[in-house]
Amino acid sequence: MTLEASPEVESRVVDKQLALVSVEDVTKHFPIGAGLLGGGSAVRAVDGVSFEVRAGETLGLVGESGCGKSTLGRVIAQLHPATSGKVIFQGQDLVPMRGEKLRRMRQELQMIFQDPYASLNPRMTVGEIIGEPLKNFGLARGKERSNRVHEVMRTCGLNPNFLNRYPHEFSGGQRQRIGIARALVLNPTFIVADEPISALDVSIQAQIVNLMEDLQNRFKLTYLFIAHDLSVVRHLSDRVAVMYLGKIMEIADSHSIYENPLHPYTKALLSSIPIPDPDLEAKRQPILLQGEIPSPVNPPSGCRFHTRCPIAQFPICSEQVPPLESKVDGHLAACHFAGQL
Amino acid sequence: MATAPSDYVFQDEFTADSTYETGEAVSLWKDAWRRLTSNYFALFGLAVIVLLLLVAIVSQFWTPYPTWKQGIGPTYGGPSAAHPFGLDQVGRDILSRLMGGAAIALAVGLGTALLSSIIGIALGLLAGFYRGWVDTVISLLINVWYGIPDLLVVMLFVVIINSRELKWIIVAISITAWLNMARLVRGQTLALREREFVEAARSIGTRDVGLLTRHILPNALGPIIVQATYLIPAAILFEAFLSFLGLGAPPPEPSWGAMCAEGYKSLQLAAHVTLVPAFALAITLIALNAFGDGLRDALDPRMRR
Ligand SMILES: Nc1ncnc2c1ncn2[C@@H]1O[C@H](COP(=O)(O)OP(=O)(O)OP(=O)(O)O)[C@@H](O)[C@H]1O
Ligand code: SF4
Ligand SMILES: [Mg+2]
């Protein structure tokens with residue numbers, strides 16, 4: 001009855017050392033106020049980002065609002081064309097792909113959206129929404145398609161009797177399940193989940209996270225899981241990348257990030273998370289960052305964090321861009337004084 | 001590799017909605033219909049439209065007298081039992097001609113609304129969806145077209161086609177009437193294409209045609225229908241105006257506009273020849289506009305919960 005692993009999924013190699021997606025020096029600039037001859041400025045939403053997502057893992061992508069997480073996710077999912085850089089997926093660069101070739105590629109590469117209200121067409125029934133990907137790729141028709149839709153709905157915890165209902169008749173959590181079912185029905189390898197739970201009630205968030213983890217195990221999925229808070233991705237990420245103002249500040253496996261953060265920004269983010277244990281909570285000393293997040297139109301020179309960094313040293317921090325480099329085995333950080341806070 | 005999947009089927013979250021009858025969708029259209037039917041002015045409009053439609057259909061099979069037959073009774077004969085609306089300047093039965101005129105008015109109104117909507121929707125969708133040079137070309141066409149008087153376009157068209165048959169009149173009016181629809185649909189498309197569900201549709205491999213027909217168009221349907229409703233009275237009025245000028249369908253077609261024009265010469269002698277078709281025209285226009293307003297209010301998203 002359930003959508004059991006098809007032969008295709010069974011044979012899916014999940015070697016967690018292999019990169020499934022490689023993002024290479026990707027930038028995404030949104031021009032603003034550009035005249036006919038150009039010359040306007042741009043929002044540098046993503047400004048030179050490189051990392052890889054390994055097969056079968058969940059990579060958490062974390063950062064404050066407006067730091068460019070969604071933009072990066074959309075660039076990887078090819079919903080926004082990158083301004084420059086490469087997104088290598090299964091050995092092919094997706095960035096220059098257009099038309100039918102790109103469309104075909106989308107079968108493997110899906111997205112789950114933050115807003116379960118805005119991301120479902122209000123004029124389509126749940127059955128039409130979940131069946132549309134199959135229709136687009138001519139994968140199943142008629143009875144076969146509806147069977148498959150039923151199956152996926154059940155897998156995602158939706159009652160297939162609700163096939164003919166419209167999205168507005170469902171709760172936020174159920175809508176998010178519809179969004180997940182729509183992404184899952186194509187049997188993708190890689191899913192970009194853009195804050196899939198942040199719009200939901202706290203009581204429902206855990207259910208959706210559990211569903212996503214479960215699906216990952218059954219279908220050998222690889223996730224890029226975006227969140228604006230380190231606590232959200234803690235227990236579901238294999239590795240975590242921390243983003244600030246369009247750049248990756250630190251990337252390492254979850255354990256190292258949480259136990260031994262090297263970047264002052266990551267430290268500050270972690271110190272702001274309340275601890276459930278009252279004794280530890282009493283001892284927690286939040287590192288308060290001064291000032292506002294600078295505008296991505298005019299990011300600070302050198303290290304973009306220098307305007308708010310508690311350990312910044314001048315002039316080096318405001319003049320030299322710290323490269324994102326390995327500090328201790330595979331733990332990358334972009335800071336001239338990594339680990340010194 | 002795979003861990004035992006937990007069964008999600010009957011979770012708490014589910015039960016919240018299971019009080020609904022399965023498959024009974026409370027659609028947005030039903031909602032709009034309820035609002036429309038509680039608006040008396042719009043209902044009056046609807047009633048007149050239905051009556052008009054019935055009369056138009058009946059006129060195709062039966063009228064008290066043939067619409068073209070002259071000398072049925074005294075020229076300029078006033079209302080009587082045999083001729084409730086009297087007779088015109090050549091002794092034709094005005095009631096019969098009024099009925100035939102209803103069919104012409106509706107054919108022109110509906111035909112023009114349909115044809116010009118198709119043109120406007122197609123161009124608006126293309127301009128709003130593809131933007132860039134496609135939009136530049138279409139927007140330029142719209143702006144230039146706005147500058148050219150409609151009457152001039154229709155006259156040139158009629159001259160070029162060299163026919164004043166009703167179907168060509170409909171085509172002629174349609175090619176002047178699509179501009180507002182195109183603008184409306186372009187604006188709607190520009191806004192809708194940025195919506196997340198359109199982006200989501202793209203991510204699941206929906207082709208442009210699917211994005212336009214399944215995602216963008218259905219979500220713009222409310223304003224499109226309202227706009228199309230307003231096109232009907234505008235086209236009827238324009239046709240009446242053309243006929244009044246002698247540019248419409250040729251005699252003896254019983255166009256209301258032509259009837260007004262013919263009676264106009266003898267307004268003081270026999271006012272009913274002009275007043276009856278003029279009154280029919282006015283009632284029709286008021287009814288259609290009332291219905292359009294009602295529809296607009298019923299479908300207005302700002303009034304939605
Ligand atoms: N289509 C766009 N046009 C212009 N600027 C944009 C566009 N999309 C995003 N931006 C800008 O790019 C920056 C990054 O936005 P993005 O949505 O990627 O941030 P985010 O990290 O996802 O934030 P949030 O947590 O609020 O979702 C912001 O300054 C935003 O205003
Ligand atoms: S490079 Fe300098 S400013 Fe940037 S995080 Fe490190 S110490 Fe702070
Ligand atoms: Mg976002």
Side-chain angles (χ1 to χ4, degrees), chain A residues 2 4-5 14 74 77-79 100 103-107 109-111 113-115 117-125 128 132-133 135-137 154-159 161-166 168-171 173-174 177 179 182-183 185-186 203-204 207 210-211 214-215 217-220, chain B residues 1-32 136 191-222 224 299 301 304-305:
Chain A
T2 51
E4 225 12 279
V14 180
R74 281 174 159 79
Q78 303 304 310
L79 292 173
E100 188 60 16
R103 201 184 72 85
R104 290 267 148 212
M105 211 65 208
R106 296 192 188 281
Q107 265 190 76
L109 184 94
Q110 285 297 305
M111 179 131 183
F113 295 85
Q114 172 173 9
D115 184 343
Y117 291 85
S119 58
L120 302 177
N121 184 342
R123 297 274 190 250
M124 279 167 88
T125 64
E128 288 167 346
E132 189 177 19
K135 187 170 175 171
N136 290 340
F137 291 101
R154 243 178 256 118
T155 308
C156 293
L158 290 162
N159 186 340
N161 292 339
F162 294 168
L163 200 76
N164 294 320
R165 301 284 201 83
Y166 287 87
H168 73 270
E169 299 171 64
F170 292 87
S171 67
Q174 287 172 317
R177 288 171 193 270
R182 171 176 61 189
V185 75
L186 284 173
S203 59
I204 290 158
Q207 291 178 9
N210 289 343
L211 172 66
D214 189 44
L215 296 175
N217 289 330
R218 285 164 77 184
F219 304 112
K220 302 180 184 176
Chain B
M1 189 82 217
T3 54
S6 47
D7 196 353
Y8 286 101
V9 177
F10 296 108
Q11 278 179 339
D12 283 348
E13 215 199 309
F14 240 179
T15 48
D17 279 343
S18 48
T19 46
Y20 281 121
E21 282 295 303
T22 310
E24 240 246 328
V26 196
S27 82
L28 304 161
W29 296 111
K30 258 190 198 164
D31 225 34
T136 309
L192 284 166
R193 78 190 293 286
E194 302 300 330
R195 294 274 291 274
E196 210 165 75
F197 64 81
V198 176
E199 197 171 37
R202 215 188 277 275
S203 81
I204 53 168
T206 309
R207 294 182 183 85
D208 289 357
V209 177
L211 294 178
L212 287 169
T213 58
R214 288 202 294 271
H215 297 275
I216 291 175
L217 191 55
N219 282 286
L221 221 50
I224 287 176
L299 291 171
R304 228 172 260 156
R305 295 161 284 155

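Side chains are part of it too, since the values below use all heavy atoms of this structure and drop only hydrogens, waters and symmetry mates. Since the model is a prediction, treat every value here as computed from it, not as a measurement. Here is how names work: the chains are called A, B, and so on, in the same order as the sequence lines, proteins then strands, and each is numbered from 1.
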Check against side chain to side chain contact (heavy atoms under 4.5 Å, CB included), A/M124 and B/F197: CA-CA 11 Å; A/M124 279 167 88; B/F197 64 81; over 6 Å; no

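A/L79 contributes atom CG, which lies 5.0 Å from atom CD of B/E199 (distance to the nearest 0.5 angstrom). Atom CZ of B/R202 is separated from atom CE of A/M111 by 13.5 Å, given to the nearest 0.5 angstrom.
A/R182 touches chain B through backbone and side chain together, each having a heavy atom under 4.5 Å away. Using a 4.5 Å cut-off between heavy atoms, A/E100 touches chain B through its side chain atoms alone. The part of A/L109 that comes within reach of chain B is its backbone (N, CA, C, O), which places non-hydrogen atoms under 4.5 angstrom from that chain.
Interface summary for chain B: among A/S203, A/S119, A/A77, the most heavy-atom pairs under 4.5 angstrom belong to A/S119. When A/Q107, A/Q78, A/K135 are compared by the number of non-hydrogen pairs under 4.5 Å with chain B, A/K135 comes out ahead. Counting heavy-atom pairs closer than 4.5 Å to chain A, the top-ranked of the candidates B/S203, B/P218, B/A201 is B/S203.
For residues 204-214 of chain B, a heavy-atom distance under 4.5 Å to chain A picks out B/I204, B/G205, B/T206, B/R207, B/R214, given by residue number.
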